[in-house]
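Just so we're on the same page: letters track the sequence lines, and every chain starts at 1.
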Protein chains: 2
Amino acid sequence: MPILSESRKKNRVTLLDVARYASVSRATASLVIRKSPLVSTETRAKVEAAMKELGYVYNMGAARLRADRSLTIGVVIPNLVNPFFTELLAGIDRIIDAAGMVVILVNSRDLVTRQETLLTRMREHGVDGIILCPAAETEMLLVERMVEWELPLVQVLRRVSDDCDYAGVDYALGMRQAVDHLADLGHRDIAFALHGPVHSAYQERVDGFRDAMDARGLDPGNIIRVPNHIAEIAEAAPLFVSGSRRSSAVVCFNDVVALGLSAGFYDIGMTVGRDFSLVGFDDVADAEAMRPRLTSVATFPEAIGEGAAKLLLDRLDKPDLAPRKLVNAPQLHIRQSSAFWQGGVGGRAQNAG
Amino acid sequence: MPILSESRKKNRVTLLDVARYASVSRATASLVIRKSPLVSTETRAKVEAAMKELGYVYNMGAARLRADRSLTIGVVIPNLVNPFFTELLAGIDRIIDAAGMVVILVNSRDLVTRQETLLTRMREHGVDGIILCPAAETEMLLVERMVEWELPLVQVLRRVSDDCDYAGVDYALGMRQAVDHLADLGHRDIAFALHGPVHSAYQERVDGFRDAMDARGLDPGNIIRVPNHIAEIAEAAPLFVSGSRRSSAVVCFNDVVALGLSAGFYDIGMTVGRDFSLVGFDDVADAEAMRPRLTSVATFPEAIGEGAAKLLLDRLDKPDLAPRKLVNAPQLHIRQSSAFWQGGVGGRAQNAG
DNA sequence: CAACCGAATTAGATCGATCTAAATTGTCGC
DNA sequence: GCGACAATTTAGATCGATCTAATTCGGTTG
């Protein structure tokens with residue numbers, strides 16, 4: 001257990017020191033810090049001068065104890081390395097920071113047991129609220145327990161309970177945009193490539209794909225799981241263009257899958273955006289940077305992060321607000337990886353040839 | 001200013017409640033929590049049962065006030081979206097988490113004034129220590145001031161002062177590996193592509209490139225700045241293969257630059273790894289995922305994060321340790337983007353043709 | 001049996017702020 | 001000149017833990 005140097009605590013300047021130096025009471029000094037309108041301009045100036053003079057540092061810890069407010073919020077993310085979550089985090093940070101609060105960040109690594117521990121830890125640290133992207137297989141119970149604890153909670157991206165705020169994406173709409181785009185280009189054999197742990201967003205994307213295909217009168221049955229690790233996804237590319245069920249286009253669960261498959265098609269000598277069409281999901285920065293540039297459904301993670309943070313701030317203000325949902329509309333970003341159906345190649349080749 | 005619901009504070013279970021329930025004193029209950037060996041097994045069991053029974057939640061805030069220790073560390077990162085920093089963060093998180101502490105994360109956006117504010121805020125929050133990747137143009141003074149504050153500090157990746165721990169990379173060695181590799185492949189006209197704000201790591205990379213070129217008897221003068229934003233880097237590719245000073249290979253400041261240039265060469269119809277060689281720096285996940293796969297100097301950001309966190313934990317333990325430096329050796333990861341010099345193409349074309 | 005010991009327990013002060021309720025000051029109307 | 005009133009200021013209790021300096025107690029020991 002780390003111990004702090006003795007000297008640090010010895011010569012710490014407290015509010016009492018400031019008050020004495022400015023010849024006012026501790027209470028008045030406290031009012032000045034909190035920018036209360038109750039103190040006169042004159043006194044305020046005197047105290048502020050004293051604070052500067054003595055090098056006073058506000059002690060949040062003490063304030064928190066008395067006021068039961070920590071200006072701290074917890075953020076639980078299942079995966080730090082995925083750029084999608086990073087952008088989400090950047091959005092959260094922007095809003096929380098602007099509100100003068102700070103973020104305590106933890107990484108659940110998508111493990112429910114770890115998540116449990118972490119939530120307890122946040123509670124012990126006295127966070128004012130939590131933004132949670134629930135680990136896969138999180139039980140509804142967890143969220144309900146937190147509501148019971150009266151710890152303000154916002155679910156983000158993934159949804160476990162309806163009794164609690166949520167900021168996410170209209171995945172169904174996104175899938176419709178992707179499928180409609182490919183269908184409009186003439187594709188009929190459209191596959192879906194997915195991976196990763198199962199959670200509400202996963203389910204909504206899959207269902208969204210199915211519904212969108214149905215709506216266009218296409219067969220939504222060609223759903224293929226690819227490896228979870230990015231470097232191995234490429235190896236799955238042949239699955240889409242060989243065997244009994246060939247496709248001419250694939251909608252990807254996210255951009256990571258799309259990036260991997262794009263590499264995979266390159267490896268087997270197929271040119272994405274000509275021989276085969278690919279649509280990603282999320283539109284992370286790589287979509288624009290890779291070649292061919294990736295057509296992708298933008299989900300604006302940063303905006304979602306901002307939305308989630310705002311929901312939380314609202315709730316801190318009014319704890320009794322009814323649960324709210326913030327469902328962002330995604331937007332298809334057409335680039336080079338999707339092209340008109342060519343016949344001759346892919347699943348329709350036999351019919352067309 | 002967010003206010004918490006009244007009820008929350010009303011019915012909170014405190015250590016006193018637990019003590020009463022277990023019919024022991026507050027002090028004893030406190031000892032149990034802190035796993036002191038002073039209490040008898042019997043009493044310990046009694047108290048632990050009471051805690052469970054009453055649903056007691058430890059109040060770090062109160063403990064921190066008295067014990068002057070917060071089990072919290074601050075991490076200041078200049079850019080959340082860069083995957084390199086994310087991996088770094090993951091490494092830090094792993095170690096800090098294992099030590100039972102949590103990370104307060106803030107984003108300086110590479111602005112010194114913001115960084116200033118954030119450091120003050122961390123101090124007010126009573127973090128036990130700070131891991132700082134200094135924003136560009138941070139003055140040495142800042143770090144020295146923090147040492148004076150007796151706030152344990154570890155610099156990471158970028159170095160501003162020698163009076164303070166530092167965890168980073170041997171950039172000079174990395175550049176030597178990159179240059180030697182290309183030189184061994186027969187390249188003589190090797191350019192350097194850089195971008196971004198100027199800081200110690202920037203300088204060390206540039207100097208490293210120059211020295212490495214000198215050591216091989218090559219002219220290190222072809223250093224070109226490319227745009228900062230990833231989507232625009234591609235446009236800079238022609239600069240390397242046209243004009244008076246053509247090159248056959250380029251060493252990149254980091255993988256973001258490499259990724260951008262790789263796209264740029266694709267756009268002008270050149271095949272990286274055949275017509276032109278490219279070596280990245282950092283070896284982020286994309287290096288393996290892109291096509292052609294990127295030869296890159298791995299700097300192991302996650303390991304550096306772990307190293308930095310360990311340095312900090314050590315220092316918390318022994319504040320009077322002399323400043324230490326942890327300089328990781330990078331490692332060249334050869335993939336597809338670098339190939340033998342072809343003559344006929346690139347800078348040497350005229351000589352060879 | 002008194003003195004002493006170590007192990008276990010505890011009362012009470014304390015950390016540094018905020019909150020409550022009351023005191024102080026100055027101003028105004030009559 | 002006095003009470004009413006608003007504007008400031010303040011003393012003292014308080015948040016929930018930890019720390020210090022005892023105290024208790026069963027068991028040895030001389």
Inset, instruction - Classify every nucleotide of nucleotides 6-11 of chain D by which part a protein heavy atom approaches to under 4.0 Å, writing B for the base, S for the sugar-phosphate alone and - for neither, in 5'-to-3' order. - result: --SSBB
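One side chain, B/Arg34 or B/Ser30, offers a donor N or O that lies under 3.5 Å from an acceptor on the other. B/Thr120 and B/Thr117 share no side-chain donor-acceptor pair at under 3.5 Å.
One atom, CD1 of B/Ile33, and another, P of C/dT9, lie 15 Å apart when rounded to the nearest Å. Atom pair A/Lys35:NZ and C/dT18:C1' shows a separation of 16 Å (rounding to whole Å applied). Here the P atom of nucleotide C/dG16 and the NE2 atom of B/His125 are 18 Å apart, to the nearest Å. We find that CG of A/Asp68 is positioned 11 Å from P of D/dC15, with the value rounded to whole Å. Rounding to whole angstrom units, CZ of residue B/Arg66 and P of D/dT18 are separated by 10 Å. Remark: C1' of C/dA17 and CG of A/Leu71 are 13 Å apart, rounded to the nearest angstrom. The distance from atom CG of B/Leu65 to atom P of C/dG16 is 7 Å, rounded to the nearest whole Å.
Counting heavy atoms from C-beta on, the side chains of B/Ser108 and B/Pro78 come closer than 4.5 Å. In this structure, B/Phe85 and A/Thr86 have side chains that are not in contact, with every pair of non-hydrogen atoms separated by 4.5 Å or more.
Applying a 4.0 Å cut-off to non-hydrogen atoms, none of the residues of residues 46-64 of chain B approaches DNA chain C.
The shortest distance between the side-chain N/O atoms of B/Arg34 and the OP1/OP2 oxygens of D/dC19 is below 4.0 Å.
Taking the charged nitrogens against the carboxylate oxygens, A/Arg324 and A/Asp314 do have a contact shorter than 4.0 Å, which makes a salt bridge. A/Arg26 and A/Asp17 are not joined by a salt bridge, as no carboxylate oxygen comes within less than 4.0 angstrom of a charged side-chain nitrogen.
Judged as a side-chain hydrogen bond (donor to acceptor under 3.5 Å, both in side chains), the pairs with a partner in residues 131-148 of chain B (not counting sequence neighbours) are, in order, B/Gln115-B/Thr138, B/Glu116-B/Arg145.
Considering every non-hydrogen atom in both B/Val127 and B/Thr72, the closest pair reads CG1-CG2, 3.4 Å.
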